[in-house]
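To start, the structure itself, in structure tokens.
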Amino acid sequence: VPAASSGAMYRRDVFDRIGEFDEHFDACEDVEFNTRIDKAGLKAMISPKLTIEYAARTSLRGLFRQLYRYGCGRWQLFRKHPSTLGIGTLIPVLFVLGLFALPFLWLVSLKAGLIVSVPYVFYLITIGAVSLDLARKNRKSLIFILPFIFFTIHFAFGIGFIAALARSQR
């Protein structure tokens with residue numbers, strides 16, 4: 001599989017060929033490394049026998065900090081490897097820009113405010129439905145926190161990307 005889709009363990013010769021992790025990155029250094037692996041034409045192996053244990057953040061504040069850093073890292077990744085900028089990165093950025101623009105649009109034009117609000121209504125419906133489904137399959141009490149988790153992920157990522165972009169323009 002492409003390294004960007006997995007890539008957690010490598011033989012020493014991969015580092016000899018590609019180089020080590022870029023220490024200029026505060027976040028996304030693994031994604032940047034995997035990008036170089038993919039550009040070199042190397043492949044990664046994925047196996048159900050190999051597992052990675054992940055410790056989720058225990059607070060929304062911690063999650064916000066993590067995703068803010070990740071958004072900053074994605075900006076840095078884009079600067080180094082422009083081909084990595086895709087829709088998955090742009091959607092949270094557009095989400096945040098739209099959120100900030102929305103009150104002004106409502107003030108300027110009712111029609112513009114209404115049009116730009118439509119994707120946010122769908123967003124709320126979607127995270128509500130996904131949260132409900134996950135809570136039903138796992139723990140019912142998750143319904144009270146999952147929408148906030150999803151919002152925090154998308155908002156913090158977008159803010160981080162925009163903040164890094166703004167800092168780079170100074």
Side-chain angles (χ1 to χ4, degrees), residues 2-7 21-36 38-39 52 54-138 141-170:
S5 68
S6 59
F21 286 92
D22 185 339
E23 293 182 13
H24 293 98
F25 277 72
D26 177 52
C28 283
E29 69 284 350
D30 56 336
V31 180
E32 192 280 329
F33 184 77
N34 289 337
T35 299
R36 285 187 279 135
D38 285 340
K39 284 183 175 184
I52 297 172
Y54 179 79
R57 299 307 186 261
T58 57
S59 69
L60 287 177
R61 178 185 225 153
L63 181 63
F64 182 92
R65 276 193 227 125
Q66 176 190 13
L67 269 294
Y68 177 89
R69 284 181 56 236
Y70 191 71
C72 292
R74 288 305 292 220
W75 167 255
Q76 194 174 359
L77 179 69
F78 162 66
R79 295 276 309 259
K80 187 170 180 179
H81 303 282
S83 65
T84 61
L85 184 66
I87 193 74
T89 299
L90 290 176
I91 287 176
V93 174
L94 295 173
F95 175 77
V96 169
L97 292 174
L99 275 179
F100 285 115
L102 205 51
F104 300 106
L105 289 171
W106 276 101
L107 288 172
V108 172
S109 164
L110 191 62
K111 185 177 180 180
L114 190 60
I115 290 169
V116 175
S117 294
V118 169
Y120 292 95
V121 171
F122 283 115
Y123 175 78
L124 292 173
I125 291 168
T126 301
I127 66 169
V130 169
S131 297
L132 190 61
D133 186 53
L134 288 171
R136 188 179 51 77
K137 291 177 181 173
N138 296 285
S141 62
L142 288 175
I143 192 62
F144 300 110
I145 189 68
L146 283 173
F148 296 103
I149 290 171
F150 290 130
F151 178 82
T152 299
I153 289 169
H154 303 136
F155 186 75
F157 179 101
I159 288 286
F161 190 94
I162 293 166
L165 184 156
R167 277 194 302 273
S168 74
Q169 301 305 307
R170 284 191 236 142

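Counting from 1, the numbers follow the sequence of the chain as shown.
Phe95 and Phe151 have perpendicular rings, their planes meeting at more than 60° on a 0 to 90° scale where under 30° would count as parallel. Taking the six-membered ring where tryptophan is involved, the planes of Phe64 and Tyr68 are essentially parallel, since the angle between them stays under 30° and well short of 60°.
Here the side chains of Glu23 and Glu29 are not in contact, with every heavy-atom distance at 4.5 Å or above. Using a 4.5 Å heavy-atom threshold, the side chains of Leu134 and Phe150 count as touching. Side chains of Leu146 and Val130 form no contact here, defined as non-hydrogen atoms less than 4.5 Å apart.
Taking every heavy atom of both residues into account, Gly73 and Phe25 meet most closely at O-CE2, 3.9 Å.
Checked for salt-bridge contact, Lys80 and Asp22 meet the test: a charged N lies under 4.0 Å from a carboxylate O.
Note on residues 118-134: pairs passing salt bridge (charged side-chain N to carboxylate O under 4.0 Å, His left out), not counting sequence neighbours, are Asp133-Arg136, Asp133-Lys137.
Among Tyr123, Phe148, Tyr120, the single residue meeting the ring pair (Phe, Tyr, Trp, His ring centres under 6.0 Å) criterion with His154 is Tyr123.
Between the side chain of Arg74 and the backbone N or O of Phe161 there is no donor-acceptor pair closer than 3.5 Å. The main-chain N or O of Leu85 is never found under 3.5 Å from a side-chain atom of Thr89 such that the two would form a donor-acceptor pair. For Glu32 (side chain) and Gln76 (main-chain N/O), no donor-acceptor pair under 3.5 Å exists by modelled atom type.
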